[in-house]
S.K.: 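The structure that follows is given in the form of structure tokens.
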Amino acid sequence: MHILTIGLNHETAPVELRERLAFSEDRLDYSLRTLRDMKSIMECVILSTCNRMELYVVCDQLHTGEYYAKTFIENWFRIPKEEFCDYVYVKKNEDAVRHLFHVVCGMNSLVLGETQILGQVKQAFFTAMESKTTGTLFNTLFKQAVTFGKRVHSETEIGQNAVSVSYVAVELGKKMFDSFEDKTILLVGAGEMSELTAKHFYSNGAKRVQVVNRTFSKAEELAGKFHGEARPWEDLVACLKEADIVVSSTGSKEPVMTRSMVEPVLKSRRSPLFLIDIAVPRDIDPAIAGLESVFLYDIDDLREIAESNMSLRQKEAEKIKGWIEEEVREFNTWLDTLGVVPLISALREKALSIQEDAVNKIERK
């Protein structure tokens with residue numbers, strides 16, 4: 001028996017192709033059974049996320065297993081092999097096992113060390129078990145991989161230290177405030193970066209979100225995603241008086257917040273003002289940083305922190321690579337026993353048979 005991984009991800013295939021080769025969750029059970037019924041394939045697990053699609057299969061022969069797995073992709077998505085084969089990677093046996101351990105740790109994710117993929121692998125395995133498309137090999141391998149992924153995230157800091165600009169903003173906010181629950185988050189601008197940053201604040205407990213945008217309908221649309229409040233552009237100064245954290249990303253060519261605008265606002269406030277400028281060109285006049293009770297971070301500040309944190313994650317990744325090799329050896333040792341167990345059983349049965357014959361001869365004498 002052989003183990004194969006056949007797939008593509010954000011490093012090997014453009015998003016347009018990844019979209020076309022994504023499995024729908026409501027048909028995953030049928031997908032698994034269809035794949036398992038292909039010639040040469042004995043066990044299978046399908047991992048399908050926004051950044052990757054991977055088939056894990058146990059097959060009787062490597063060549064035929066690869067051929068029929070690719071044929072399954074071709075038939076299921078109705079896309080000729082010529083359109084996806086150049087983007088697909090194939091991992092065999094030990095390399096396939098090693099690849100799975102890398103995946104569960106977030107080692108080859110879009111964001112190094114991200115934890116979401118571990119849950120996705122776990123769910124993919126559970127779905128395959130429920131569909132009865134796994135057996136002795138994958139039940140052991142995937143349980144070992146999921147356990148290892150949990151260990152990595154609990155015993156290392158590969159998933160710590162924010163590495164995206166939007167999440168760095170949240171981490172900085174945590175250093176300012178114990179909790180976001182009673183804080184007001186003001187979004188100036190309603191673009192993608194504002195939304196992503198707001199999403200992180202919201203998922204970390206922020207309850208009150210306000211959105212100010214020149215196009216009021218866009219402010220309403222973004223505010224609605226976080227049960228927030230849309231405010232007209234003319235209310236910007238009034239909103240600054242109420243806000244605890246301001247995230248600005250408008251795309252304006254000139255600063256939308258100047259020192260002369262912010263200075264009077266501070267006189268009516270009792271708490272510090274936390275400003276995050278993720279716009280290029282900058283939305284917030286750098287001179288504002290000189291004001292008392294103001295903490296201002298621009299995109300370069302956030303990137304510098306993110307790059308430093310990424311360096312820390314990469315150091316942890318080097319340590320984890322050694323752990324992965326230990327896991328691969330452990331699995332291979334177990335795999336080797338599968339061939340020995342039937343032999344031991346046969347020898348034991350032969351010995352018992354000889355013993356029985358000897359006893360019978362003694363009894364006859």
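Bear in mind that the values here come from a model prediction, so they are computed numbers and not experimental data.
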S.K.: Determine yes or no for a side-chain-to-main-chain donor-acceptor pair under 3.5 angstrom, with T184 supplying the side chain and D244 the backbone.
M.R.: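 No: the side chain of T184 does not pair with the backbone of D244.
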
S.K.: At what distance, to the nearest 0.5 angstrom, does CG of N9 lie from CE of M53?
M.R.: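 So the CG of N9 and the CE of M53 are separated by 10.5 Å.
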
S.K.: Report yes or no: does E220 contribute a side-chain atom to a donor-acceptor pair with the main-chain N or O of A230 at less than 3.5 Å?
M.R.: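 Answer holds: no.
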
S.K.: Working to the nearest 0.5 Å, report the span between CZ of R36 and CD1 of I46.
M.R.: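 It comes to 11.5 Å.
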
S.K.: Counting only N and O atoms by type, is there a donor-acceptor contact under 3.5 Å from the side chain of N213 to the main-chain atoms of K218?
M.R.: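 It does not hold such a pair.
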
S.K.: Answer yes or no: is there a donor N or O on one side and an acceptor on the other, between the side chain of N51 and the main chain of H10, under 3.5 Å?
M.R.: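 Pair absent, no side-chain N/O of N51 close to backbone of H10.
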
S.K.: How long is the span from the CG atom in D235 to the CD atom in E242, to the nearest 0.5 Å?
M.R.: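 Going from the CG atom of D235 to the CD atom of E242 covers 8.5 Å.
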
S.K.: Please walk me through it: do K319 and E316 pass salt bridge (Lys or Arg N to Asp or Glu O under 4.0 Å)?
M.R.: CA-CA 5 Å; K319 176 169 65 177; E316 292 291 270; 3.6 Å; yes

S.K.: Find the distance between CG (L4) and CD (E66) and round it off to the nearest 0.5 Å.
M.R.: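 Rounded to the nearest 0.5 Å, the CG-CD separation comes to 6.5 Å.
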
S.K.: Got a donor-acceptor contact below 3.5 angstrom from the T156 side chain to the H153 backbone?
M.R.: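 Judged by distance alone, no pair lies under 3.5 Å.
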
S.K.: When you measure from the side chain of E43 to the backbone N and O of G135, does any donor-acceptor pair fall under 3.5 Å?
M.R.: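 Yes; at least one donor-acceptor contact below 3.5 Å.
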
S.K.: Measure from the side-chain N and O atoms of N93 to the backbone N and O of I3, and report whether any donor-acceptor pair falls under 3.5 Å.
M.R.: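 Checking the backbone N and O of I3 against the side chain of N93, a donor-acceptor pair under 3.5 Å is found.
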
S.K.: Determine whether a donor-acceptor pair (N or O, by modelled atom type, separation under 3.5 Å) exists between the side chain of D301 and the backbone of D298.
M.R.: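 Yes: the side chain of D301 pairs with the backbone of D298.
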
S.K.: Could you check K315 against E318 for salt bridge (Lys or Arg N to Asp or Glu O under 4.0 Å), going step by step and ending with a plain yes or no?
M.R.: CA-CA 5 Å; K315 287 181 181 178; E318 289 303 313; over 6 Å; no

S.K.: Short question: side chain of T133, backbone of C44 - any donor-acceptor pair under 3.5 Å?
M.R.: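 Yes, because the side chain of T133 sits within donor-acceptor range (under 3.5 Å) of the backbone of C44.
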
S.K.: Please test R33 against S131 for side-chain hydrogen bond (donor to acceptor under 3.5 Å, both in side chains), starting from the C-alpha separation and ending with a verdict.
M.R.: CA-CA 7 Å; R33 287 185 281 109; S131 301; 5.4 Å; no

S.K.: For R282 and D285, indicate whether the former's side chain and the latter's backbone hold a donor-acceptor pair under 3.5 Å.
M.R.: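 Side chain of R282 to backbone of D285: no pair is present.
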
S.K.: Can you tell me how far the CD1 atom of I117 sits from the NE2 atom of H102, to the nearest 0.5 Å?
M.R.: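 Those atoms lie 14.0 Å apart.
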
S.K.: Mind telling me whether F125 and F142 have parallel, tilted or perpendicular rings, with 30° and 60° as the class edges?
M.R.: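 Rings of F142 and F125: parallel, as their planes differ by under 30°.
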
S.K.: Look at the side-chain heavy atoms of Ile, Leu, Val, Met, Phe, Trp and Tyr, link any pair under 4.5 Å apart, and say whether L118 and I320 land in one connected group.
M.R.: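 They do share one cluster, since a chain of ILVMFWY contacts under 4.5 Å joins L118 to I320.
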
S.K.: Using the rule that Ile, Leu, Val, Met, Phe, Trp and Tyr join whenever any side-chain heavy atoms are under 4.5 Å apart, tell me whether F101 and L137 fall into a single cluster.
M.R.: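 Yes, it is one cluster - the side chains of F101 and L137 are joined through contacts under 4.5 Å.
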
S.K.: Taking side chain as C-beta onward, heavy atoms only, is L172 less than 4.5 Å from I276?
M.R.: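 A side-chain contact under 4.5 Å is absent here.
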
S.K.: Among R98, K92, K91, which residue satisfies the salt bridge (Lys or Arg N to Asp or Glu O under 4.0 Å) criterion with D95?
M.R.: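 The residue from R98, K92, K91 that satisfies salt bridge (Lys or Arg N to Asp or Glu O under 4.0 Å) with D95 turns out to be R98.
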
S.K.: Which of parallel (below 30°), tilted (30 to 60°) and perpendicular (above 60°) describes F177 and F180?
M.R.: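 Because their plane-to-plane angle is over 60°, the rings of F177 and F180 count as perpendicular.
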
S.K.: Restricting to non-hydrogen atoms, name the atom on M42 and the atom on C59 that form the minimum distance, rounded to 0.1 Å.
M.R.: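 Closest approach of M42 to C59, heavy atoms only: SD-C, 4.1 Å.
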
S.K.: Should the ring pair F274 and Y297 be called parallel, tilted or perpendicular, given that the plane angle runs from 0 to 90° and is split at 30 and 60?
M.R.: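 Because their plane-to-plane angle lies in the 30° to 60° range, the rings of F274 and Y297 count as tilted.
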
S.K.: Rounded at 0.5 Å granularity, tell me how far CD in E292 sits from CD in E263.
M.R.: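 Between E292 CD and E263 CD, I get 11.0 Å after rounding to 0.5 Å.
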
S.K.: Verify whether one side chain among S217 and E221 offers a donor that lies under 3.5 Å from an acceptor in the other.
M.R.: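 Looking only at side-chain atoms, E221 and S217 do not form any donor-acceptor pair under 3.5 Å.
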
S.K.: Judged by modelled atom types alone, do S40 and D60 share a side-chain donor-acceptor pair under 3.5 Å?
M.R.: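 Yes, a side-chain donor-acceptor pair sits under 3.5 Å.
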
